[in-house]
Enquirer: 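Let me begin by handing over the structure; questions about it come next.
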Amino acid sequence: MLLAIDCGNTNTVFSIWNGAKFIATWRIATDHKRTADEYFVWLSSLLMLTKTEAAITEAIISSTVPRVVFNLRVLCNRYFDCRPLVVGKPECNLPVPPRVDQGTTVGPDRLVNTVAGFNRHGGNLIVVDFGTATTFDVVDHDGAYVGGVIAPGVNLSLEALHMAAAALPHIDVAKPARAIGTNTVACMQSGVYWGYVGLVEGIVREVRRERDMPMKVIATGGLASLFAQGTDLFHAIEDDLTMHGLVLINQYNKETA
Ligand SMILES: Nc1ncnc2c1ncn2[C@@H]1O[C@H](COP(=O)(O)OP(=O)(O)O)[C@@H](O)[C@H]1O
Ligand SMILES: CC(C)(COP(=O)(O)O)[C@@H](O)C(=O)NCCC(=O)O
Ligand SMILES: [K+]
């Protein structure tokens, strides 16, 4: 079975793929200080508590936080006796290499989302991922990542508002009942929610204009479904998009080895 690890700046997701489906998905806060032993204790208790039978023989990692990769590698080596494939490293091949400025690194999560999006929806696609940052990945007709957009994440924007203004509380993102807020929290929620809908719609409009062709938009990440309530832009919402991409990339590397 395959252990697929998607490490974002906020959360790290572990999924186990049995060759046909994901039999488990667990999430832990990203912390570069967490050791391989700590990961293993956490993972094995979840396996035990949920009575999940998993014989892990291979692993793949995508990490937007370079420092956590070391301990995740140790986890795979020590406890699962395998060498993980790490997306973005030279030994990990992609079906179609990205077409970007020379010397630039693309976030591995964006490469993975590109592969998964192309597999499910074909080319000329925009993948929106609501994570710590909100990313827009532009997928060409042949499945190549050809660039995109990085915008501050929704929670980051809310946090910035709270940190910078003495009278603004810490709030959670929500879809407000009305655009015109009649109290501080409602005003902030409207600003962030409708502001963000506008950001997403505006960016997609400009990308489509630049490419001068229709482009499908799909969304992933925890907040995708909340924003889908405010716009009809998204063709699909796919919570498992990154995990699906990790399975595909692992398969591709085995086939081409
Ligand atoms: N269903 C949800 N509702 C509200 N906030 C969420 C939800 N899912 C994720 N978040 C928040 O969205 C942010 C990004 O989460 P995540 O997608 O895990 O980011 P990353 O992949 O960058 O680690 C975090 O601040 C997280 O707490
Ligand atoms: C843009 C990101 C911070 C998004 O990460 P996330 O929100 O998933 O934690 C990540 O993809 C990254 O570090 N990218 C490197 C720069 C680039 O993709 O061009
Ligand atoms: K992400």
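Both counts, for ligands and for their atoms, begin at 1 and track the order of listing.
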Enquirer: Check each atom of ligand 1 against the heavy atoms of G131 and keep those under 4.0 Å away; list them by number with element.
Expert: 14 (C), 17 (O), 19 (O), 22 (O)
Enquirer: Heavy-atom distances under 4.0 Å are what count here, so tell me which part of N9 touches ligand 2: side chain, backbone, both or neither.
Expert: both
Enquirer: Against heavy atoms of R27, which atoms of ligand 1 measure under 4.0 Å?
Expert: 18 (O)
Enquirer: Mind checking whether R110 has an N or O less than 3.5 Å away from an N or O of ligand 2?
Expert: yes
Enquirer: Only heavy atoms count here, so choose which of G221, G131, G107 is nearest to atom 15 (C) of ligand 2.
Expert: G107
Enquirer: Mind checking whether F130 and Y196 have parallel, tilted or perpendicular rings, split at 30° and 60°?
Expert: tilted
Enquirer: I need the full list of ring-ring contact (aromatic ring centres under 6.0 Å, His included) pairs touching residues 141-169, with sequence neighbours left out, sorted by first then second residue.
Expert: H162-H170
Enquirer: Show me which atoms of ligand 2 lie under 4.0 Å from any heavy atom of T132.
Expert: 7 (O), 9 (O)
Enquirer: Provide the closest heavy-atom pair for T220 versus D239 in the form atom of the first, atom of the second, distance.
Expert: OG1-O, 3.9 Å
Enquirer: So between L223, L158, T64, V173, whose heavy atom ends up nearest atom 7 (C) of ligand 1?
Expert: L223
Enquirer: Going by the order shown, which atoms of ligand 1 are within less than 4.0 Å of some heavy atom of F130?
Expert: 17 (O)
Enquirer: Donor-acceptor check, side chain of N253 to backbone of N93, threshold 3.5 angstrom: yes or no?
Expert: yes
Enquirer: Assess the residue pair D140 and R99 against the criterion (salt bridge (Lys or Arg N to Asp or Glu O under 4.0 Å)); give the C-alpha distance rounded to whole Å, side-chain angles, the decisive distance to 0.1 Å, and a yes or no.
Expert: CA-CA 9 Å; D140 211 347; R99 288 194 284 274; 2.8 Å; yes
Enquirer: Which option, N155, T12, D239, owns the non-hydrogen atom nearest atom 27 (O) of ligand 1?
Expert: N155
Enquirer: Should the proximity of T132 to ligand 1, defined as any heavy atom under 4.0 Å, be assigned to the side chain, the backbone, both, or neither?
Expert: both
Enquirer: Answer yes or no for T105: is there a heavy-atom contact with ligand 2 below 4.0 Å?
Expert: yes
Enquirer: Which of the atoms of ligand 2 are close to T135, meaning less than 4.0 Å from one of its heavy atoms?
Expert: 1 (C), 4 (C)
Enquirer: Show the atoms of ligand 2 that are less than 4.0 angstrom away from any heavy atom in G8.
Expert: 9 (O)
Enquirer: Could you tell me whether the side chain of N124 reaches within less than 4.5 Å of the side chain of V139, counting heavy atoms only?
Expert: no
Enquirer: Looking only at heavy atoms, which two atoms of T114 and A144 are closest? And how far apart?
Expert: CG2-C, 4.2 Å
Enquirer: Could you work out the complete set of other residues in the hydrophobic cluster of F80, with links drawn between I, L, V, M, F, W and Y side chains under 4.5 Å apart?
Expert: M1, L3, I5, F14, I16, I23, W26, I28, Y39, F40, W42, L43, L46, L47, I56, I61, V65, V68, V69, L72, L75, Y79, V86
Enquirer: Among D240, T242, T25, exactly one meets side-chain hydrogen bond (donor to acceptor under 3.5 Å, both in side chains) together with S15. Which residue is that?
Expert: T25
Enquirer: Quick one: which ligand 2 atoms are inside 4.0 Å of a heavy atom on V106?
Expert: 18 (O)
